[in-house]
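This one's a predicted model, so the numbers in the text were calculated from it and none came from an experiment. Each chain gets a letter, A, B and so on, in the order the sequences are listed, and its residues count up from 1.
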There are 2 protein chains.
Amino acid sequence: MPQEARPFKASLFFVSAASSFATPSFASGVITGLQSCDKLAVVPVITITWAKMHNIRKPITMADIARSTGVSPMTVSRAFKQDASVSQETREAVLRAAEELGYVFDSTAANLRSQRTDFVAVTIPSINNANFADTVRSLSDGLAERGLQILLGYTNYDTKEEERLIEQLLRRKPEAIVVTGGKHTPRARKLLSNAGIPVIETWDLPEEPIGHVVGFSNALAVREMVNHFVSSGYRKIAFIGGDADRDTRGTDRRAGFIAAIKDHGLDAERLIAAGPPPISMREGANAMGRLLEQFPDTEAVICVSDLSAFGALTECQRRGLAVPEQIAIGGFGDYEIGAICVPSLTTINAFAAEIGTKAAKLIIDVLDGRLANGLGRVTIRPDLILRETSR
Amino acid sequence: MPQEARPFKASLFFVSAASSFATPSFASGVITGLQSCDKLAVVPVITITWAKMHNIRKPITMADIARSTGVSPMTVSRAFKQDASVSQETREAVLRAAEELGYVFDSTAANLRSQRTDFVAVTIPSINNANFADTVRSLSDGLAERGLQILLGYTNYDTKEEERLIEQLLRRKPEAIVVTGGKHTPRARKLLSNAGIPVIETWDLPEEPIGHVVGFSNALAVREMVNHFVSSGYRKIAFIGGDADRDTRGTDRRAGFIAAIKDHGLDAERLIAAGPPPISMREGANAMGRLLEQFPDTEAVICVSDLSAFGALTECQRRGLAVPEQIAIGGFGDYEIGAICVPSLTTINAFAAEIGTKAAKLIIDVLDGRLANGLGRVTIRPDLILRETSR
DNA sequence: GTCTCTTATGTTATCGATAACATTGATTGT
DNA sequence: ACAATCAATGTTATCGATAACATAAGAGAC
């Protein structure tokens, strides 16, 4: 529509300056419409007709409302804010006129002048992951109360991609930025540090946080599960996760597994790499197949997520392996599937939704000047949930 | 940060106009800083100190880069576009200066002036649904090739909420808008029609489309499954879905089920309402429980989605009911879980990702002026996928 | 009755990039 | 060789809302 509106303006220039023909952008649509007409004087009329034919109208602005209501544009602007001092009747008149004219508020102008966008940028590894979706949803709900909207991007579990994404997002001038994870490229770190807005790292406890943190230790959470499995008598314990060369939360979980196993004096060699994250149910199943072939005597397996754990469970079912009698399974993330599948999954609840809620509260506190210069550190303590896939 | 930057500017006004004390917004931060100083002449110095102390600097603009490079701001602007005519060395100098100064492109200004945001607004019912996530992902990937970014919002399966969301999104001046479903409030329809941008309705085949359509008939898809079930010998067929009072795709599927059943001269009374959408796995399981109590002789059940179907399946497993021997189950959406669970789910593949891809292509075609005034109508033909939960 | 304070509104300048138009020197075609 | 074209850059005005400041009229205080 802005594109279509352009010819109208261009044709006006046409009347005054013939040299504008040189401009390539001008030489497209309008010319065609005008060439059939040989009298330059009627160009404006033609143009208006053309515009009307195509139902092009210059977008309604506050100035239009002001004119039709008989007040100043500033008063119109005030009438749209709930707190501004405008008389009841003026406001009603303005809103009525706006409705009649079909006015749609133009936030791009407001954004520039007020230097506020009411955007909060958010990066997540994948849009198709119930855990991150939960975080985003509760974050979004929390921020909505203060009129903040989320600008979302996904990184495909790739820090280089994250860097590009962060750069893109910062151009939109968000009020704050929430990133998933605490590992970033050096340039991404720099971009975030220099952005001049609150930065919140989530789903992790970074060693050197950039700004605020709402997260938990992935390694520690898995360690707890290992401890529980060992105390339940399991000794030959395996781990199914993504490839080790990515800086993701899955890698931290894997590292936590290895450390915990070694602390118990056990063998930490039962590691199955299921490919680059995200690890799907299918990949979990495949990994389970490989695990059973490489280490048939495995007593328990911890998976990087409930999705891969469920996949592993189905593989056992296909092979007629009793869970947990012959092999125990643990997941991560407390997805809905883990609670309802048969047998139900032992897992770790990382409180995905709470991360979003806490992050939203943190952002609002910072933007409202509470928490002055301090940095927020919200540590979530994941819960071990014992269900039927382990004894 | 814009907040923090304000005092700096305000204090400059302070020097010229004492009456600015009256402004409440001014009477906050800066005054405190200045009161300890009794010589007005040094105010600028104080201010700079204060600004430095808090590491506040006026954001870098293209004008700054222009100054430091010795070119005009316009040349700087051109240097950032890949197609603009700028000499190689000038461009390099500009980019180098930008890097050194830590410049971040301000799209809010570009948005206003160029009347382009490169946003495409998208509404989906829920952010936590793998089907819609697939559509959004492929849509996003498709649009990214032309530099378009998605502005996403979710409606909670509520048309009133959708109306609010659409209004919010349109204020951001997207280049196009993609909505899920073809049922909207009258006001939402009006907003979309008047927006002056391409409108794409998806996941449905609306009777009166607003603009373009990329979708399929939910009713027809379920009808095919019913037909298959009947031809397989099932007669007592039930449907598990959301409450009937919502205008959603689930309601269409339910309607398609009823119509198809009646066409076969069968009894369409085995309808279990599982609550307001979205229907979770848990709700699917509960609904299955109720179904088995109300209609114990049911031979097959079709669920509004794979999630509820899987929930239903687990309920059968908990009750020791053999699937498909004692009862057959059909789902909808071809979620990953349906392919991997044991037994695997008979379902309908609605090609969620393809909807996104096609919509992206459509949008780009329209924005690039191909498809002139025509309206796109991309009809997807869902696939019936026969797996182990039915014979 | 004068002064202060508040409420409702108007005026002006501005946010930062860029569209539109202008200009200059170099290159090409015939 | 000279007009025509192009490549590279500059100048000016503008997108539309709103921050900052100004002002007029009414309410209340002493």
Side-chain angles (χ1 to χ4, degrees), chain A residues 2-3 5-6 9-14 16-26 58-66 69-81 84-91 94 103-117 171 173, chain B residues 2-3 5-6 9-14 16-27 58-66 69-81 83-91 94 103-117 171 173:
Chain A
Q3 262 90 344
R6 227 172 272 150
K9 292 177 55 188
S11 64
L12 292 180
F13 288 122
F14 175 53
S16 59
S19 61
S20 59
F21 272 109
T23 312
S25 68
F26 178 67
K58 201 182 244 167
I60 312 293
T61 70
M62 285 192 181
D64 297 316
I65 299 174
T69 320
V71 297
S72 74
M74 194 63 229
T75 298
V76 175
S77 174
R78 289 189 181 107
F80 283 112
K81 321 267 160 209
S85 85
V86 184
S87 74
Q88 185 62 24
E89 55 181 345
T90 303
R91 170 166 286 137
V94 166
Y103 172 72
V104 176
F105 184 90
D106 186 338
S107 70
T108 65
N111 291 343
L112 175 58
R113 175 63 243 236
S114 67
Q115 297 289 68
R116 295 183 43 221
T117 56
R171 292 169 161 226
K173 304 292 167 186
Chain B
Q3 263 90 345
R6 228 169 273 148
K9 292 179 54 191
S11 63
L12 294 179
F13 286 125
F14 175 54
S16 59
S19 60
S20 59
F21 272 108
T23 311
S25 69
F26 178 68
K58 200 182 246 171
I60 313 294
T61 69
M62 284 191 181
D64 297 318
I65 299 174
T69 319
V71 297
S72 73
M74 195 61 230
T75 298
V76 175
S77 173
R78 290 189 181 107
F80 283 113
K81 320 268 162 208
D83 55 337
S85 85
V86 184
S87 74
Q88 186 62 25
E89 56 182 344
T90 304
R91 171 167 283 137
V94 166
Y103 172 72
V104 177
F105 183 90
D106 186 338
S107 70
T108 65
N111 291 343
L112 175 59
R113 175 63 243 240
S114 67
Q115 297 288 70
R116 294 185 42 222
T117 56
R171 292 169 162 226
K173 304 291 166 187

Distance-only check: which donor-acceptor pairs under 3.5 Å involve side-chain atoms of residues 105-112 of chain B, not counting sequence neighbours?
| residue | atom | partner | partner atom | Å |
| --- | --- | --- | --- | --- |
| B/Asp106 | OD1 | B/Thr108 | N | 2.9 |
| B/Asp106 | OD1 | B/Thr108 | OG1 | 2.5 |
| B/Ser107 | OG | A/Arg171 | O | 2.9 |
| B/Asn111 | ND2 | B/Ser107 | O | 3.1 |

Closest nucleotide among C/dG16, C/dT18, C/dT9 to the B/Lys81 side chain
C/dT18
Residues in side-chain hydrogen bond (donor to acceptor under 3.5 Å, both in side chains) with A/Glu89, at least two apart?
none
Quick test: give all pairs of protein nitrogen or oxygen and nucleotides 23-26 of chain C nitrogen or oxygen below 3.5 Å, distance rounded to 0.1 Å.
none

A/Asp64 CG to D/dA17 C1': how many Å, rounded?
13 Å
Select one nucleotide: of D/dA17, D/dA19, C/dT9, the one nearest the side-chain heavy atoms of A/Ser87.
C/dT9
By nearest nucleotide on DNA chain C, pick out whichever of B/Leu112 and B/Arg78 is the more 5' one.
B/Leu112
Under 4.0 angstrom between A/Tyr103 side-chain N/O and D/dG16 OP1 or OP2:
no
With sugar-phosphate meaning primed atoms plus P, OP1 and OP2, does B/Thr61 contact a base, only sugar-phosphate, or nothing at under 4.0 Å between heavy atoms?
sugar-phosphate
Once you apply a heavy-atom cut-off of 4.0 Å, does A/Val71 come out as touching a base, just sugar-phosphate, or nothing?
sugar-phosphate
Side chain of B/Arg113: nearest nucleotide among C/dT9, C/dT18, D/dG16?
C/dT18
Starting at atom CE of A/Met74, determine the distance to atom C1' of D/dA19, rounded to an integer number of angstrom.
7 Å
Closer to the 5' end of DNA chain D via nearest nucleotide, is it A/Phe80 or B/Thr90?
B/Thr90
Set of residues satisfying ring pair (Phe, Tyr, Trp, His ring centres under 6.0 Å) with respect to A/Tyr103, sequence neighbours excluded:
A/Phe80
With a cut-off of less than 4.0 Å, is there a side-chain N or O of B/Ser85 near OP1 or OP2 of D/dC6?
no
Check whether any side-chain N or O of B/Arg78 sits under 3.5 Å from a backbone N or O of B/Ala84 as a donor-acceptor pair, and report yes or no.
no
Give the rounded distance in Å between these two atoms: CZ of A/Arg171 and P of C/dC15.
21 Å
Which part of the nucleic acid, if any, lies within reach of B/Met62 when heavy atoms closer than 4.0 Å are counted: base, sugar-phosphate only, or nothing?
sugar-phosphate
Look at B/Gln88 and D/dA8 and indicate whether a side-chain polar atom (N or O) is within less than 4.0 Å of OP1 or OP2.
no
Report the distance from atom CZ of B/Arg91 to atom C1' of D/dA7, rounded to the nearest whole Å.
13 Å
In whole Å, what is the span from the CZ atom of A/Arg116 to the C1' atom of C/dT14?
17 Å
Which residues pass the salt bridge (Lys or Arg N to Asp or Glu O under 4.0 Å) test with A/Asp64, sequence neighbours left out?
A/Arg67
Rounded to whole angstrom units, what separation is found between the CD atom of B/Glu89 and the P atom of D/dA8?
10 Å
Do side-chain atoms of B/Thr69 reach the backbone of B/Ile65 as a donor and acceptor pair under 3.5 angstrom?
yes
Measure from CG on B/Asp106 to C1' on C/dT18 and round the result to the nearest Å.
13 Å
Take the protein atom CD of B/Gln115 and the nucleotide atom P of C/dA20, then report the distance between them rounded to whole Å.
11 Å
Using side chain to side chain contact (heavy atoms under 4.5 Å, CB included) as the criterion, list what pairs up with A/Ser77, not counting sequence neighbours.
A/Met62, A/Met74, A/Lys81
Once rounded to the nearest 0.5 Å, what's the spacing between atom NZ of B/Lys173 and atom CZ of B/Arg116?
15.5 Å
Tell me whether the side-chain N/O atoms of B/Thr75 come closer than 4.0 Å to OP1 or OP2 in D/dT9.
no
